[in-house]
Number of protein chains: 2
Amino acid sequence: MVKRLHEPVLDQLLAVVLLLNADATESLGRLGLSVPRATLAWQLHHEGPLTQRALADALRVTPRNVTGLVDGLVETGFVTREPHPTDRRATLVSLTAHGADVMEEMARQYVELAELLFGDMTEFPAFARGLEHVLHKLQAALA
Amino acid sequence: MVKRLHEPVLDQLLAVVLLLNADATESLGRLGLSVPRATLAWQLHHEGPLTQRALADALRVTPRNVTGLVDGLVETGFVTREPHPTDRRATLVSLTAHGADVMEEMARQYVELAELLFGDMTEFPAFARGLEHVLHKLQAALA
DNA sequence: TATTGTTATACTCTATAACTATA
DNA sequence: TATAGTTATAGAGTATAACAATA
């Protein structure tokens with residue numbers, strides 16, 4: 001039975017999902033961030049200053065939602081709101097020095113996590129190919 | 001450089017996490033359930049009727065939270081509250097016939113998802129071993 | 001007319017704390 | 001005293017809809 005072979009592995013994959021979520025929430029909490037706020041800040045870290053509209057599109061979330069996330073990030077000192085230089089409707093959101101520092105720390109922890117998970121894996125290439133296979137299947141299914 | 005090898009795979013693993021979350025939210029929504037409510041119902045499907053206290057422990061969530069989730073599931077016809085036969089403080093939560101039907105459907109979809117993800121994977125055993133490795137690393141890191 | 005971001009409102013999930021009814 | 005579940009309260013994240021300012 002194929003099912004007997006595959007279902008336990010799906011269980012493990014879902015367990016990995018749960019643990020990664022828990023780990024992310026925990027680690028980000030120590031940095032003073034929630035997962036949605038960290039996602040927004042991470043976007044700024046990669047793309048540079050963005051309008052709230054651009055952030056809403058990137059996070060696939062409503063503009064109203066971005067207002068709330070940015071409010072929180074401004075309050076806690078991770079980002080600033082500045083007027084857009086040419087479009088007076090728009091607001092540019094930028095990382096503060098503190099925000100940029102924390103993003104650097106996130107990047108370091110990201111590398112550490114990759115090392116932890118894969119560093120001593122004996123079948124890394126086969127695992128990586130399998131993961132790519134899974135990703136493509138999911139992308140196709142959700143397209 | 002080991003980092004160059006591992007980071008993109010972590011990217012893919014996280015992409016899989018995001019897509020699985022999206023897929024779960026979407027599929028459960030079609031069944032009339034949110035992820036937390038489905039988790040609670042799934043527990044009842046596996047364990048049979050449980051007290052709210054037992055559900056709170058199983059979901060690692062406060063008793064107050066269970067009250068809210070059960071309220072929603074009662075309103076939408078998935079579960080019932082009944083007095084505990086021997087402990088008059090406690091409430092037994094059970095799946096309705098409709099709730100049980102939906103759990104059967106969830107189980108079918110679970111098998112389908114396992115088939116979709118792994119059914120035609122050429123390196124399934126190596127992938128499964130790699131996933132187990134990742135799971136153990138995460139469990140150890142979070143213990 | 002269309003777009004940007006806001007206010008207004010509401011829902012879900014989460015938490016703590018105080019309380020009632022029972023054990 | 002301890003436990004089960006509730007009410008009271010609060011906060012984060014999400015959504016839609018109406019609106020003001022600007023393009």
Side-chain angles (χ1 to χ4, degrees), chain A residues 18 21-22 24-26 28-44 49-94, chain B residues 18 21-22 24-44 47 49-94:
Chain A
L18 283 178
N21 275 335
T25 303
E26 166 70 23
L28 294 174
R30 277 196 297 269
L31 297 175
L33 289 166
S34 62
V35 172
R37 288 182 189 181
T39 306
L40 193 157
W42 191 246
Q43 193 70 22
L44 296 176
L50 292 174
T51 64
Q52 296 193 184
R53 176 75 241 178
L55 286 166
D57 292 341
L59 308 193
R60 292 164 182 278
V61 116
T62 61
R64 176 61 184 93
N65 202 336
V66 170
T67 298
L69 296 176
V70 171
D71 283 352
L73 286 164
V74 168
E75 235 175 51
T76 48
F78 288 90
V79 309
T80 57
R81 275 194 180 95
E82 286 161 50
H84 191 285
T86 65
D87 186 340
R88 288 201 294 174
R89 294 170 306 178
T91 304
L92 265 190
V93 184
S94 312
Chain B
L18 283 179
N21 275 335
T25 303
E26 167 69 23
S27 306
L28 295 174
R30 277 195 298 268
L31 297 176
L33 289 167
S34 63
V35 172
R37 288 181 190 181
T39 307
L40 193 156
W42 192 244
Q43 193 70 22
L44 296 176
E47 304 287 331
L50 292 174
T51 64
Q52 297 193 184
R53 177 73 241 177
L55 285 166
D57 292 341
L59 308 194
R60 293 164 182 279
V61 115
T62 61
R64 176 59 185 95
N65 202 338
V66 170
T67 299
L69 295 176
V70 171
D71 284 351
L73 286 165
V74 168
E75 235 174 51
T76 48
F78 288 89
V79 309
T80 57
R81 275 193 179 94
E82 286 162 50
H84 190 285
T86 64
D87 186 339
R88 287 201 292 174
R89 294 170 306 178
T91 304
L92 265 189
V93 183
S94 313

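The chains referred to below are lettered A, B, ... by the order of the sequence lines, with proteins before strands, and numbering in each begins at 1. Because the structure is predicted, anything quoted here is derived from the model rather than measured.
Residue pairs meeting the side-chain hydrogen bond (donor to acceptor under 3.5 Å, both in side chains) criterion with at least one member in residues 57-67 of chain B, sequence neighbours excluded, are B:Arg53-B:Asp57.
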In a table with atom names and distances, give each donor-acceptor pair under 3.5 Å that connects a side chain of residues 33-44 of chain B to protein atoms at least two apart or in another chain.
unit_1: B:Ser34; atom_1: OG; unit_2: B:Arg37; atom_2: N; d: 3.3
unit_1: B:Thr39; atom_1: OG1; unit_2: B:Val35; atom_2: O; d: 2.7

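Taking B:Pro83 as the reference, nothing meets the side chain to side chain contact (heavy atoms under 4.5 Å, CB included) condition, with sequence neighbours excluded.
In this structure, the separation between CG on B:Asp87 and CG on B:Leu92 is 9.5 Å, given to the nearest 0.5 Å.
Across residues 82-91 of chain A, A:Thr86, A:Asp87, A:Arg88, A:Arg89 each have a non-hydrogen atom less than 4.0 Å from an atom of DNA chain D (numbered order). Within residues 56-70 of chain A, the residues approached by DNA chain D to less than 4.0 Å at the level of any non-hydrogen atom are A:Val61, A:Thr62, A:Arg64, A:Asn65, A:Leu69, in residue-number order.
If you measure from atom CD of A:Gln52 to atom P of D:dT22, you get 16 Å, rounded to the nearest angstrom. Atom CG of A:Leu28 is separated from atom C1' of D:dG13 by 15 Å (rounded to the nearest Å).
Bounding nucleotides for the chain B contact on DNA chain C, 5' to 3', at a heavy-atom distance below 4.0 Å, are C:dT12 to C:dA23.
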Inset, instruction - Check step by step if side chain to side chain contact (heavy atoms under 4.5 Å, CB included) holds for B:Thr91 and B:Thr51. - result: CA-CA 5 Å; B:Thr91 304; B:Thr51 64; over 6 Å; no
Inset, instruction - Begin from the C-alpha positions of A:Asp71 and A:Arg81 and carry the test side chain to side chain contact (heavy atoms under 4.5 Å, CB included) through to its verdict. - result: CA-CA 9 Å; A:Asp71 283 352; A:Arg81 275 194 180 95; 2.9 Å; yes
Inset, instruction - Given side chain to side chain contact (heavy atoms under 4.5 Å, CB included), test A:Val93 with A:Leu73 step by step and report yes or no. - result: CA-CA 10 Å; A:Val93 184; A:Leu73 286 164; over 6 Å; no
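Of the residues near DNA chain C, B:Glu75 and A:Ala54, the one whose nearest nucleotide (by heavy atom distance) lies more toward the 5' end is A:Ala54.
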